[in-house]
Amino acid sequence: MAQHTPAPRQICPNCDGHASVAVTLGGRNSAGHLRTVTAHCPACHGTGAHRPLATAKEVQV
């Protein structure tokens, strides 16, 4: 039997698949570790994949 091949994931055009990054704040804490914050892509919400717009069939009112 033939097997179905899943559709390839569409990479988010805003972040090119690099959805989350760690940004250094420029200093170190008392233990000597770099202080960082994590930033997520606002378009894909940190998933790295672009979801196509919903069709009329998918939208339920």
Enquirer: Looking at every heavy atom in both Gly17 and Ile11, which two are closest together, and how far apart are they?
Expert: N-CG2, 3.2 Å
Enquirer: Nearest heavy-atom pair of Cys12 and Ala43: which atoms, and what distance?
Expert: SG-CB, 4.2 Å
Enquirer: Return the CZ to OG distance between Arg28 and Ser30, rounded to the nearest 0.5 Å.
Expert: 12.5 Å
Enquirer: Same cluster for Leu25 and Val23 if Ile/Leu/Val/Met/Phe/Trp/Tyr side chains link at under 4.5 Å?
Expert: yes
Enquirer: Might you point out which heavy atoms bring Cys44 and Ala49 nearest each other, and give the distance in Å?
Expert: CB-O, 3.4 Å
